[in-house]
Amino acid sequence: MGSELELSSGFIPALYKPASLLPIARHKRSLTYLVETYQVTIVVGQTGSGKTTQLPQYLDQAGWCENGKTIAVTQPRRVAATTVATRVAEEMRCKVGEEVGYSIRFEDVTSAATRIKFLTDGMLLREALVDPLLSRYSVIMVDEAHERSLSTDVLLGILKKIIKKRPELRIIISSATLQAEDFLRFFAGDEYKPDAEPANLGGGIGTIISLEGRMYPVDTLFLENPAEDYVERAVKTVFDIHTQEAEGDVLLFLTGREEIDRAIQMISERAAYLNPKAPSLLTLPLYAGLTTDQQMYVFEPAPENTRKVIVSTNIAEASVTIDGIVYVIDCGFAKLRAYNPSTGIETLTAVPISKASATQRAGRAGRTKPGKCLRLYTQQTYESLPEATIPEIQRSNLAPIVMQLKALGIDNIVRFDFLTSPPAELVIRALELLYSLGAVDDYAKLTKPLGMRMAELAVDPMMAKVLLAAPSFKCLSEMLSIAAMVSLQGTVWVQHDGDKKAAESHRRKFAVEEGDHLTYLNVYQAFVTKGKKDSKWCRDHLLNYRALVRAVSIRGQLKRYLERFGIQIDESLSSRHGAGTGTSPEQIQRCLTTGYFAHAAKMQPDGTFKTVSGGLTLHAHPSSLMFNRKADWVIFHEIMQTGNKTYIRDVTKIEKSYLLEYAPEYYRVS
DNA sequence: GAGCACTGC
């Protein structure tokens, strides 16, 4: 590369390589031919193949946007949808929102002129509620399908149904190598013949095409003997690289914040013993819990004579891409969520990664030049890893998905054609919950209007039920704010490393005796009256400004839905809850119970909680007001097991009698 | 005394 030239004569590298130089350009004609010929095309393309940015443009040029039709390209993540749209708009020399646009929750940057539209796959599913055949699209490209997110999997099932009714619709699935045949088998069904020519399977519905990427080779090394403590071993490896290998930044994969902090601590302690004349180390953490500003540091080039070491969770495996990484250190584990249908409890535990994940992590070392991947496990261990991670649909609470499918007219969930079907127990558990909430009837059909409306609200079923019950408790305005705050999933307060006592005293200023939900209401109301235009007010109170701005958007959206259902919302009392006039806490506590009765617990003399059936010991999460307060009965929003403790979050006191009053069937004493 | 990563008109 011409780095000397760049320095001496002021040249800077082009921001983007001209599209014609991308490997995909060579396949333009065969790609457009395949899409014309086959209803489903599986595109196997590595990083840097240009599939996401170029393929939609080829299809546009080939006439797929004539007669006012649109090409949709879905992404599992919001940021991807917006950044890719921006890039393609630049290449097509238009503004985002003109010929090229994107659509994500709260941001629809499209117009009548939009021919190529990037959107989250969740958003396309939402569109299917209004337009079940997705008739405005001529081509739907499902990008990153191999990640197997919940909404990608549901979308694939829906698309398989749609193509039977719309023979002119074209589907493109972008996938990693490993899963391409699974996708084709899924769409081609009986026509799939594994022995046929790979480029022409079955001769009708689908085909696979591979695009070469623009990746450099990555040299992969395993440990000879297993490591006793992989954090310790990772730190040693960082120093081995630093003292023995050529320049280049390091990306270290660990499982969570605690490990990351420990590793960074150890690295900085040992860095003190480095030769002062030797290059130094700059160690940076990366995990989702950091603020955006804190995350931005990892993208800045290291100062001169300094090697950057990024210590990251799984976020750097697919969601965040950092250039300049030459060395990857992979601990071989990741924290994964799973849902236990027999207890209804989610777990978050570190588990061995899959071979596909290990390959993806290694690939992070080969983006700018040949790299090395150091795996902190043996080759034997690697061989024993599962090929791919269990898809989310097989380890999630399916109540929201079941409701959504039913709203799309798919009543028989067990017989719905999933790429991989969820375990029956997950479906049964979801149906039981929806039945107890009154969302489905004895025949497992969505009730009208309750179940239909719950399906349309973009909150989980329990909260949806609470919102729809709120008018009869005269607390809808308050409950809208509470639902919006709960949707933020614990991001209301900014994490503060230093002074924990200060953080606690800030929280206490907003604390409400009845529990976390009313405290959220208090924070929301203070924000809209005092802090809405003032991020400093939020900083002073250790509140997350961006999260609260988002809460305002979510509340607005939920309010518009309810108005569309014809529900009146009296906002006149919204800032005056509490004692005296307006809504009493009791109305809110009662209303919450109508949705969260299945999440009830009783406090024990030792301060822990027990479920109604008495079996499980639960702990108030330290972020909850109930962490060190007395209560009798409570309801909670979330229950999760980490390590060997089970925590409940977003906890509010109730009376035992509410449970019998609002869920007599559920708590019937026989 | 603490939680991986995502998402919804």
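Only heavy atoms go into these numbers, but all of them, side chains included; no hydrogens, no water, no symmetry mates. Nothing here was measured: the structure is a model prediction, and the numbers come from that model. Every chain is numbered from 1 and lettered A, B, ... according to where its sequence line falls, protein lines coming before strand lines.
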Under 3.5 Å, is there a donor-acceptor pair between the Glu392(A) and Ser396(A) side chains? no
Ring-plane angle category for Tyr230(A) and Phe333(A), please: parallel below 30°, perpendicular beyond 60°, tilted otherwise. parallel
Please work out which of the three classes, parallel, tilted or perpendicular, describes the rings of Tyr377(A) and Tyr382(A), given edges at 30° and 60°. parallel
Looking across every strand, which nucleic acid part, if any, lies under 4.0 Å from Glu392(A) by heavy atom: base, sugar-phosphate, or nothing? base
What is the separation between atom CZ on Arg148(A) and atom C1' on dC6(B), rounded to the nearest whole Å? 16 Å
At 4.0 Å (heavy atoms only), tell me whether Val459(A) reaches a base, stays on the sugar-phosphate, or touches nothing. base
Under 4.0 Å between a side-chain N or O of Arg78(A) and OP1 or OP2 of dG8(B)? yes
Which nucleotide wins on minimum distance to the side chain of Gln489(A), given the candidates dG1(B), dA5(B), dC6(B)? dC6(B)
Assign each of Thr313(A) and Arg105(A) to its nearest nucleotide of DNA chain B by heavy atoms, then name whichever residue's nucleotide is nearer the 5' end. Thr313(A)
Would you please test Tyr287(A) and Asn314(A) for side chain to side chain donor-acceptor pair (under 3.5 Å) and show each step? CA-CA 8 Å; Tyr287(A) 47 86; Asn314(A) 230 14; over 6 Å; no
Thr291(A) and Gln294(A): side chain donor to acceptor below 3.5 Å: yes
Separation of atom CG in Leu558(A) from atom P in dG8(B), rounded to whole Å: 13 Å
Integer-rounded Å distance: dA2(B) P and Asp516(A) CG: 17 Å
Just checking Glu638(A): base, sugar-phosphate only, or nothing, at a heavy-atom cut-off of under 4.0 Å? base
Do Lys117(A) and Asp108(A) sit within salt-bridge range, that is, some charged N less than 4.0 Å from a carboxylate O? no
Which nucleotide in the list dT7(B), dG1(B), dA5(B) gets nearest to the side chain of Ser319(A)? dA5(B)
Euclidean distance, atom CG of residue Asn314(A) to atom C1' of dC6(B) [Å, nearest integer]: 12 Å
In whole angstroms, how far is the P atom of dG1(B) from the CG atom of Asp261(A)? 19 Å
Write down the distance between CZ (Arg257(A)) and P (dA2(B)), rounded to a whole number of angstrom. 12 Å
Taking 4.0 Å as the cut-off, does a side-chain nitrogen or oxygen of Ser487(A) come that near to OP1 or OP2 on dG8(B)? no
Report the nucleotide, chosen from dC9(B), dT7(B), dA2(B), that has the shortest atom-to-atom distance to any side-chain atom of Tyr561(A). dC9(B)
dG8(B), OP1 or OP2 - any side-chain N/O from Thr120(A) closer than 4.0 Å? yes
So what does Phe106(A) hit on the nucleic acid, given a heavy-atom distance under 4.0 Å: a base, only sugar-phosphate, or nothing? nothing
Ignoring the backbone of Ile315(A), work out which of dT7(B), dC6(B), dA2(B) is nearest its side chain. dC6(B)
Here the distance between atom P of dG8(B) and atom CG of Leu562(A), to the nearest Å, is 19 Å
Answer with base, sugar-phosphate or nothing: what part of the nucleic acid does Ala334(A) contact at a heavy-atom distance below 4.0 Å? nothing
In this structure, how many angstroms lie between the C1' atom of dC9(B) and the CD atom of Gln557(A), rounded? 6 Å
As a test of reading the structure: which of dA5(B), dT7(B), dG8(B) is closest to the side chain of Ile104(A), going by heavy atoms? dG8(B)
